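Some notes on the structure that comes next.
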Number of protein chains: 2
Amino acid sequence: MRVSGERRGAGGATAAAVGAQVRQRRLQRGMSAAELARRAGLSKATLSGLEAGTGNPTIETLDAIALALHIPLTDLLARDTDAGPVHVLATEPERDGPTRELLRRVGGGHTLELWRLRVPPHTSLDGLPHAPGTVEHLVVGSGALTAGPGDDLRELRHGDLLAFAGDRPHLYRTGEEAADITVVIASPVVG
Amino acid sequence: MRVSGERRGAGGATAAAVGAQVRQRRLQRGMSAAELARRAGLSKATLSGLEAGTGNPTIETLDAIALALHIPLTDLLARDTDAGPVHVLATEPERDGPTRELLRRVGGGHTLELWRLRVPPHTSLDGLPHAPGTVEHLVVGSGALTAGPGDDLRELRHGDLLAFAGDRPHLYRTGEEAADITVVIASPVVG
DNA sequence: ACCATACGTTCAATATACCGAACGCGCAAG
DNA sequence: CTTGCGCGTTCGGTATATTGAACGTATGGT
């Protein structure tokens with residue numbers, strides 16, 4: 001990940017987001033940067049840069065901070081906190097082939113994801129396995145399809161709901177009809 | 001985070017867990033380490049060490065891997081829990097008037113409800129306020145409607161997503177068209 | 001006013017995460 | 001068997017994440 005041209009340059013978007021997240025959590029707790037650095041066993045310099053969004057922290061550094069703040073590590077990576085007001089997201093214009101579109105991800109520790117899948121007729125699409133403990137819900141908005149974990153496929157029609165453990169490979173397959181489905185993925189909160 | 005005594009030594013527990021996660025996800029996809037490294041823009045050496053649990057990867061490295069695997073970054077940090085069985089629920093037969101149907105409610109660590117609403121044309125339906133901190137998501141399966149909190153209504157069409165704080169009174173109203181929507185209600189665990 | 005303490009930032013130095021290259025291995029084609 | 005290719009691992013070298021110290025600022029005590 002070598003970024004040429006800049007030494008000690010601003011890190012990627014993720015780094016900036018994480019920095020903001022850390023600063024926010026720290027201030028919520030009324031903790032000074034110096035104190036957080038002390039508790040986490042880091043130097044003030046590291047924390048300062050990190051909060052500024054500069055640089056590219058390691059996992060251990062983040063883990064130490066999460067521990068010192070008493071929050072799960074994944075909370076530091078939450079990009080889309082749901083404190084926000086009303087939020088609308090329009091879908092992409094229709095295209096050929098299957099589309100898999102992440103509509104939204106919310107919750108401390110990424111507990112909820114909303115996806116929209118459009119599967120043309122006679123198409124098979126495999127679902128990516130998620131973290132263990134994840135539950136996947138599938139609401140058929142229109143059309144019909146066969147879906148589920150590889151060893152337990154079910155026939156679904158418009159309006160049906162399928163729920164299954166999302167940590168195994170699974171499958172969406174259409175027949176004559178296309179399908180338009182909403183997928184809700186709920187992951188356990190872990191640290 | 002200086003670990004004395006060992007150069008290039010094994011990283012912390014977190015690093016090992018992440019390494020295992022990465023390897024698992026990669027193999028689930030039938031992808032070789034070399035190919036993943038290529039797609040993520042990393043060297044084979046980095047990935048090899050990372051999967052072995054050795055070392056201490058940076059956020060950018062992990063981000064690149066998550067991207068190449070098409071999974072959210074936080075999935076790489078998840079720990080084990082257990083899974084649930086497959087569960088199908090068929091919807092009721094179509095009826096006149098608006099229907100508000102609870103598809104599923106789960107309550108492990110958070111409360112998650114899935115509703116299906118069918119709103120005929122020229123109908124107004126008010127949503128009940130939920131607990132503070134609750135987020136309501138509304139995915140339009142078909143048709144069109146106006147929805148949202150009383151003071152911030154939005155026009156929505158097929159495929160749109162609306163997200164808003166569910167602890168205020170809100171409203172669903174159709175015009176000429178009927179609407180068929182999936183509602184996801186997520187209540188946070190209060191801590 | 002003066003000093004002391006704590007804060008957050010910036011610097012040179014050091015430890016280390018990453019890279020490219022070389023290695024040994026297994027497999028398939030010639 | 002020999003050659004070639006791709007795999008996953010192990011080696012220096014180099015870029016850089018982290019550090020400790022020095023800095024300017026703000027606040028409180030004497």
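Quick caveat, the model's predicted, so the values are computed rather than measured. Atoms considered below: every heavy atom in the structure, side chains included; atoms not considered: hydrogens, waters and symmetry mates.
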| request: Please state whether the phosphate of dT18(D), meaning OP1 or OP2, lies under 4.0 angstrom from any side-chain nitrogen or oxygen of Thr61(A). | output: yes
| task | Give the rounded distance in Å between these two atoms: CG of Asn56(A) and P of dC18(C). | result | 8 Å
| message | If you define the side chain from C-beta out and look only at heavy atoms, does anything of Leu36(A) sit under 4.5 Å from Val22(A)? | response | yes
| request: Check the distance between dA15(D)'s P and Glu60(B)'s CD and give it to me in whole angstrom. | output: 16 Å
| query | Would you call Arg157(B) and Glu177(B) a salt bridge, taking side-chain N to carboxylate O under 4.0 Å as the test? | reply | no
| field | Path from Met31(B) to Leu47(B) over hydrophobic side-chain contacts below 4.5 Å | value | yes
| note | Ile65(B) atom CD1 is separated from dA17(C) atom C1', nearest whole Å, by 12 Å
| query | Between atom CG in Leu36(A) and atom P in dT18(D), what is the gap in whole Å? | reply | 14 Å
| request: Examine dG20(C): is either OP1 or OP2 under 4.0 Å from a nitrogen or oxygen in the side chain of Ser43(B)? Give yes or no. | output: no
| Tell me: CG of Leu42(A) to C1' of dA15(C), nearest whole Å? | 15 Å
| said: If you define the side chain from C-beta out and look only at heavy atoms, does anything of His137(B) sit under 4.5 Å from Leu162(B)? | reply: no
| Shortest non-hydrogen contact from Glu113(A) to Pro72(B)? | OE2-CG, 3.0 Å
| query | Hey, does Val140(B) have a side-chain heavy atom less than 4.5 Å from the side chain of Thr182(B)? | reply | no
Quick one: which protein N/O atoms are closer than 3.5 Å to N/O atoms of nucleotides 4-9 of chain C? Pair and distance per line, please.
residue	atom	partner	partner atom	Å
dC7(C)	OP1	Ser32(A)	OG	3.1
dC7(C)	OP2	Arg38(A)	NH2	3.2
dG8(C)	OP1	Ala33(A)	N	3.3
dG8(C)	OP2	Ala33(A)	N	2.7
dG8(C)	OP2	Ala34(A)	N	2.9
dG8(C)	N7	Lys44(A)	NZ	3.2
dG8(C)	O6	Lys44(A)	NZ	3.1
dT9(C)	OP2	Ser48(A)	OG	2.9

| note | Taken to the nearest whole Å, CD1/Ile59(B) to P/dA17(C) is 15 Å
| Below 4.0 angstrom from OP1 or OP2 of dC18(C), is there any side-chain N or O of Thr58(B)? | yes
